[in-house]
Amino acid sequence: MTPRSVTSPKKFVIGTNLLAQLPDYVKDFGNNAFIICDEFILSKVEQEAISAIENTEGLTAVAEKFQYECTQQEIDRNIALAKETNANVIVGIGGGKTLDTAKATAYHQKLPVILYPTIASTDAPCTALSVIYTQEGEFDHYLFLPQNPDAVIADTDILAGAPVRFFAAGVGDALATYFEARACYACDGVNLVLKKPSRTGLGLARLCYEVLSENVAAAMDALKNKVTTPALEQTIEATIYLSGVGAESGGLAAAHAVNNGMSAVPDLHKAQHGEKVVFGLLTQLVLENAPKEEIDNVVRIIKTAGLPLTLEDMGLQKFVESEWRKVAAIACDKDDTMGNMVKSVSETDVYNAMVAANNMAHRYKEQG
């Protein structure tokens with residue numbers, strides 16, 4: 001019998017001014033850090049984090065700019081650089097793809113990994129998973145990792161200063177957590193560590209949804225003024241920790257499978273992961289014939305966060321049936337998570353649900 005599981009990072013820390021405290025976390029796992037860093041924060045990392053490391057006896061670090069996409073080629077490039085520097089701990093500082101690259105690099109080098117998300121756009125920081133894309137930006141495969149990151153450091157000052165769109169995308173990604181975990185638990189499916197979903201995972205996923213429901217409006221108020229409040233901090237905890245641990249221990253279902261399929265639509269290549277997951281969630285709710293009250297609340301959260309509701313809002317110029325049938329085919333791949341739905345669904349079922357979900361989204365949008 002396949003066991004049930006609960007997995008999470010060894011440490012999750014949330015607070016302010018944490019980038020300058022990087023030496024405190026590096027020394028717990030090594031003394032020579034290789035930092036994979038997003039371009040926009042590279043100078044800040046050099047001024048605050050690397051400077052602090054160099055002023056700490058026995059610690060050294062070097063930073064490398066992330067090259068925009070989590071591909072196998074980018075992972076291999078960073079593996080080679082980490083070897084050259086004799087790194088014994090990997091640090092990822094940036095968005096979800098940067099962090100996934102850091103996790104994959106650490107995995108192949110058998111090194112500990114510390115992650116500093118700069119945007120709360122996905123739950124990638126906490127999961128034992130990297131999503132690998134092709135050089136053309138299409139979904140390639142999941143890299144399942146044997147353990148979660150060693151430490152995840154959420155600096156609310158940095159996260160509150162990120163563009164509102166990225167934060168909203170994190171809300172969208174987290175919003176699907178409970179509904180996917182619920183479906184996976186109900187069908188006794190397989191979670192992200194290839195075990196059975198646990199009741200604890202389902203409970204954390206439900207708490208994620210409750211925290212978003214209660215705090216999203218106040219959190220967006222704070223974010224638009226780039227200030228930190230309790231509502232914003234709780235929402236960040238939901239989008240990064242509760243969503244990550246809830247999804248990993250509870251499992252994924254249609255929402256993320258549809259998101260993966262949507263990588264085949266060129267018009268949507270600039271859409272954020274969480275924005276596409278939101279449409280995947282609407283599709284899942286159509287497939288489940290979810291109660292109106294449930295859909296009403298989901299749409300309320302989507303609108304409050306300022307997320308795109310329709311495919312056209314997301315950037316779709318023209319709905320081409322053949323493209324969306326390809327989306328459905330990818331979503332229903334035997335190695336994806338569509339199999340965690342309570343009822344078996346076909347490619348045609350998914351295509352029809354996507355069409356209906358977009359029509360539903362237009363109806364809600366017209367209601368204001």
Side-chain angles (χ1 to χ4, degrees), residues 1-12 29 70 72 75 90 92 96-97 99-115 117 122-133 139-152 170 173-174 176-209 237-257 259-260 273-274 277 280 284 331 333-342:
M1 180 178 177
T2 304
R4 301 187 185 277
S5 67
V6 180
T7 50
S8 69
K10 292 177 183 175
K11 294 184 178 181
F12 176 76
F29 303 103
C70 183
Q72 190 59 53
I75 293 165
I90 305 297
K97 292 183 177 182
L99 304 187
D100 276 1
T101 301
K103 285 189 286 185
T105 300
Y107 162 70
H108 288 294
Q109 288 296 97
K110 296 181 171 57
L111 295 176
V113 62
I114 302 167
L115 302 180
T122 73
D123 55 21
C126 288
T127 60
L129 175 74
S130 288
V131 184
I132 315 300
Y133 293 85
F139 171 75
D140 189 351
H141 66 279
Y142 287 128
L143 173 63
F144 293 98
L145 305 171
Q147 63 183 24
N148 299 74
D150 294 275
V152 177
D173 192 29
T177 305
Y178 168 59
F179 298 97
E180 292 189 280
R182 181 179 70 180
C184 189
Y185 189 84
C187 75
D188 204 27
V190 177
N191 64 21
L192 287 181
V193 294
L194 307 181
K195 301 290 190 295
K196 294 294 184 181
S198 65
R199 185 66 182 271
T200 298
L202 179 61
L204 290 174
R206 182 189 291 274
L207 180 59
C208 179
Y209 179 52
E237 188 176 338
T239 58
I240 293 179
Y241 184 79
L242 291 174
S243 178
V245 178
E248 189 167 72
S249 301
L252 302 179
H256 271 78
N259 158 78
N260 292 337
H273 170 79
V277 168
Q284 178 172 325
D333 186 280
K334 64 179 177 60
D335 293 324
D336 215 309
T337 56
M338 190 65 73
N340 285 334
M341 294 294 287
V342 176

Engineer: With rounding to the nearest 0.5 angstrom, report the CZ to OG distance, Phe144 to Ser130.
Structural biologist: 11.0 Å

Engineer: Scan side-chain atoms only and decide if Thr127 and Glu248 contain a donor-acceptor pair under the 3.5 Å cut-off.
Structural biologist: no

Engineer: Check the side chains of Ser5 and Asn191 for a donor-acceptor pair under 3.5 angstrom, ignoring hydrogens and angles.
Structural biologist: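 The criterion, which ignores hydrogens and geometry beyond distance, is satisfied for Ser5 and Asn191.
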
Engineer: I'd like to know whether CZ of Phe179 has more than 12 heavy-atom contacts from other residues, nucleotides or ligands below 6.0 angstrom.
Structural biologist: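 Atom CZ in Phe179 is crowded, with more than 12 foreign heavy atoms closer than 6.0 Å.
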
Engineer: Return the CG to CD distance between Leu202 and Glu180, rounded to the nearest 0.5 Å.
Structural biologist: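 Between Leu202 CG and Glu180 CD, I get 12.5 Å after rounding to 0.5 Å.
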
Engineer: Is atom CZ of Arg4 surrounded by more than 12 heavy atoms (other residues, nucleotides or ligands) closer than 6.0 Å?
Structural biologist: yes

Engineer: Could you grab the distance from atom OH of Tyr185 to atom NZ of Lys196, nearest 0.5 Å is fine?
Structural biologist: 12.0 Å

Engineer: Could you pull out the closest heavy-atom pair between Ala247 and Leu252, with the gap in Å?
Structural biologist: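 Answer, listing the atom of Ala247 first, then Leu252: CB-CD2, 3.9 Å.
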
Engineer: I need the single residue from Asp336, Leu192, Asp173 that forms a side-chain contact (heavy atoms from CB on, under 4.5 Å) with His256. Which is it?
Structural biologist: Asp173

Engineer: In terms of side-chain geometry, is the basic nitrogen of Lys103 or Asp100 positioned less than 4.0 Å from the acidic oxygen of its partner?
Structural biologist: yes

Engineer: To the nearest 0.5 Å, what is the distance between CD1 on Ile132 and CZ on Phe139?
Structural biologist: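 Output value for this atom pair is 9.0 Å.
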
Engineer: From Glu237 CD over to Ser243 OG, what is the distance, rounded to the nearest 0.5 angstrom?
Structural biologist: 12.0 Å

Engineer: Which pair of heavy atoms, one from Pro117 and one from Val152, lies closest together, and at what distance?
Structural biologist: CD-CG1, 4.3 Å

